[in-house]
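For the single chain, residues carry numbers from 1 onward in sequence order. The shown structure was predicted, so the numbers you read here are calculated from the model rather than taken from an experiment.
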Amino acid sequence: MEDLQIPNSSRRSFLKTTGHLLIGFNILPFAFCQTKGAPNEIPPYAGVPLRPTIDNNQIDSWIRLDADGHLTVLSGKQELGQGIKTALIQIAAEELDIHPDRCHIINSDTGQTANEGFTAGSNSVEGSGSAIRQAAAEARLYLLKQAGQKWNVNPSSLQVENGNIKSASGEEISYWKLLEGKLIEQKITGEATPKKPKDYKYVGQPIKRDDIRKMVNGESHFVHDLHMPGMVHARVLHPPSYQSQLLSIDLTEVESMPGVLKVIRNGSFLAVVAQREYQAIKAHEKLNSLAKWDNTSIEILPSQLHDSIKSTSGKPEEVEVSPGIADIISNAAVNHQAEYFRPYHMHASMGPSCALAIWKDDELTVWTATQGVYPVRRTLSDLFALDEEKIRCIGVPGSGCYGHNGADDVSGEAALIAKELPGKHVRLQWMREDEHKWEPYGTTMAFRLSAGIDSDGNLLAWDSVIWSDSHSTRPNGSAGSFISARHLDPPIELRKGGWSGGSHRNGIPEYTFKAKQLHLFNYDGPLRTSSLRGLGAYANTFAMESFLDELIHKSGYDPIDFRIKNLEDPRAKAVLEELAIKTNWKSKSKPANTGFGVAYARYKNSTSYFAVLAEVEIEKAARIYKLKKLTGVIDSGLTINPDGLKNQTEGGMIQSASWTMMEEVNYDQNGITSVDWATYPIFRMVDVPELEVHIIDRPETKPMGAGEAAMGPVAAAIANAVFDATGSRIRNLPIKPEKIDWEKV
């Protein structure tokens, strides 16, 4: 047994060269759009110089044209399954008039791409896409100027076809020949005007995603698939519960097991490294049987959680205040008050978190499924007291994410272990129980809503009170963000904070009111929490649109007409009007055993518009209900790839339905009891309803993020449909059949 030491190293940059740490690797951090390689190997592409981004305002930080006739797009955003690789390629290909088949993309690599923070908030197309669009337009203008100077003609007279510049008199030269292998080391000036939507050839087309092809064919795609020469395998033994401390363990038996290379202990941090993965798993099991722990009980149990969160002391944050709002509500023709609750939810990633790391010449490289390679690099720098320039983080897709799951923690742990075996690639994968017990969850939340409407069906006032734990403890420079850093000796504590606008995201509805008010109580709950798809928008919209449905039912109005009447934004009205048309709402028949529920929201009140109709079917004798169909209408502005937009929306609808109908983290005083798919069930294929998504394309407007737009409205629509079918209003998620009052059905 050897103790793990965390050094304080001096600065020595490793990025001044052209990426010497990659010599001898079977994989580079990027791949062709159309990759055809051997299993477990992503072929390297050597046509692009390997160097860090120098300046985000420089063209070659986003766009590079190599000597072999390809375009390489660079983005600091991670591919999470949302299809941004394809969408960003379409944007760049469009502006440069290059066919997408000639394009590659490099994502999330501190050694090559720009620092774009976290891939979060549905802002990849808006942020990275906007930067790439402008850089590509600038590159095209620069190249046309170079050709115009060469031929002594006006650049505006030149045409481009698939990267070939042509003049009216017949001269022709390709971008690549014109550059002669050089990068476009020019500033983005803003002089270039991107194309008009009417001229688009590639944007707006359903170009197929190569990552889906790989997954269907079982090809290498995920970080789990990476294999390096001489790679060794590791497992970490996490404590039984959050406050557990390792009392004692005899490592002699584990150290002598077949294939075991090293057993590492530092405080309560235990890890084993073996030549083969199965050997590491067997050693992990033995560690588990030998370790003796001092366990501290979790004080606030699930049965106490609802009361605990609402008894939060301290002064609330006044997000928005309207004096006299209580009188407006109490004097309204129709008024109402209700409370709602959301439990802890898991990311429940289909594949347990995995990362690879290597220490070589006192420099660290980590292959990670993080959503933020630069923030993770900054956090690793804090963990090891190592200069950031000596750390490289390379983003590789993980198997399921949409938020802060275990990907960051496993990256930190892989680096801790690799430090003890210099020159060895260490592959660390969590066990399923690790993933379920140690990922940071989507937080529990509680709501008290009050509102009033007049006799003509006009909303007068809305008062929201929200209780919520943090929605962001992502690693962003503080080593305590890594769960295992808290188990070291001495432990590195989490500097929590992290309360932010994520808690009240979509907490104030965008309907028209004379008065709106929102107070937020920050709650420090018993379980670990961080970012989960949509942050607070999921539960806020569930509560808000369920509550609105209660008001509508109380006043006797049509749920679509009422919403349209109380909205001013014509685009908001349009998605509801389109929903009514696509579902034949006005003349839709309703069988006795069926319920319909409508909901609407504009994500963050500033991005995509989404309206949805949920249809449920009940079986009173069996005391169950089934979600039969979800029909959605989305307006995300300019649609880059309609198939991708539908993929995103359908995926969000399914995940939201699973959260809403099934999911909640269970635990007791000894720790998390939701440790596998039996104790934390999620939707399976048999549970997935019929899905129908309609897009309102607005090419004259900017594209907007769509990955999280469906989450909240779907939850409320299901709740509203269950009420419509059964008369039971379920305000505490999940909406399980046993919560329905079947005697009243």
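Ion pairing between Asp362 and Lys390 fails under the 4.0 Å rule for side-chain N and carboxylate O. Using a cutoff of 4.0 Å between basic side-chain nitrogens and carboxylate oxygens, Arg213 and Asp210 are scored as salt-bridged. Ion pairing between a basic and an acidic side chain is recognised when a charged N comes within 4.0 Å of a carboxylate O; Glu388 and Arg377 show such pairing. By the 4.0 Å N-to-carboxylate-O rule, Arg133 lies too far from Glu94 to be salt-bridged with it.
Put simply, the side chain of Asn476 never gets that close to the backbone of Pro375: no donor and acceptor are under 3.5 Å apart. For the pair Glu138 (side chain) and Glu191 (backbone), a donor-acceptor distance under 3.5 Å is present. Ser381 contributes a side-chain N or O that, together with a main-chain N or O of Leu386, makes up a donor-acceptor pair within less than 3.5 Å. Side-chain N or O atoms of Glu219 include none that pairs as donor or acceptor with a backbone N or O of Lys214 at under 3.5 Å. Using a distance-only test at 3.5 Å, with no hydrogens or angles considered, no donor-acceptor pair links the side chain of Glu578 to the main chain of Gly632. Although no hydrogens or angles enter the test, the distance criterion places no donor-acceptor pair under 3.5 Å between the side chain of Gln78 and the main chain of Gly372. Of the possible polar contacts, one joining the Arg427 side chain to the His224 backbone as a donor-acceptor pair under 3.5 Å is found.
Ring geometry for His99 versus Tyr202: interplanar angle over 60°, hence perpendicular rather than tilted (30 to 60°).
Residues Ala709 and Ile634 share a closest heavy-atom pair of CB-CD1, 4.1 Å. Nearest heavy-atom pair, Lys582 versus Glu692, reported as atom, atom and distance to 0.1 Å: O-OE2, 4.2 Å.
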(message) If you apply the rule salt bridge (Lys or Arg N to Asp or Glu O under 4.0 Å), what do you find for Arg571 with Asp569, and how did you get there?
(response) CA-CA 5 Å; Arg571 293 173 69 174; Asp569 190 333; 5.6 Å; no

(request) Could you check Asp109 against Arg392 for salt bridge (Lys or Arg N to Asp or Glu O under 4.0 Å), going step by step and ending with a plain yes or no? (result) CA-CA 7 Å; Asp109 178 0; Arg392 183 175 181 188; 2.6 Å; yes

(request) Just do the side-chain hydrogen bond (donor to acceptor under 3.5 Å, both in side chains) check on Asn56 and Ser61 with the steps written out, would you? (result) CA-CA 6 Å; Asn56 284 10; Ser61 294; 5.2 Å; no

(request) Apply the test side-chain hydrogen bond (donor to acceptor under 3.5 Å, both in side chains) to residues Tyr200 and Gln90: give CA-CA distance (whole Å), side-chain angles for both, the deciding distance (0.1 Å), then the verdict. (result) CA-CA 10 Å; Tyr200 286 165; Gln90 286 179 257; over 6 Å; no

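Residues satisfying the side chain to side chain donor-acceptor pair (under 3.5 Å) criterion with Ser531, sequence neighbours excluded, are Arg474. Applying the side chain to side chain contact (heavy atoms under 4.5 Å, CB included) test to Asp97 and every residue at least two apart in sequence or in another chain returns Arg140, Val160, Lys195, Lys201.
Applying the 6.0 Å contact sphere to CD of Gln159 captures no more than 12 heavy atoms from other residues, nucleotides or ligands.
Side-chain contact between Trp176 and Arg102 is present, with at least one heavy-atom pair separated by less than 4.5 Å. Using a 4.5 Å heavy-atom threshold, the side chains of Ile91 and Ile640 count as touching. No side-chain heavy atom of Thr113 sits less than 4.5 Å from a side-chain heavy atom of Lys77. Between Ser353 and Asn405 there is a side-chain heavy-atom pair separated by less than 4.5 Å. A 4.5 Å side-chain heavy-atom check between Arg505 and Tyr603 finds at least one atom pair inside the cut-off. With a 4.5 Å cut-off on side-chain heavy atoms, Leu356 and Val396 do not count as touching.
With rounding to the nearest 0.5 Å, the separation of CH2 in Trp62 from CD1 in Ile184 is 15.0 Å.
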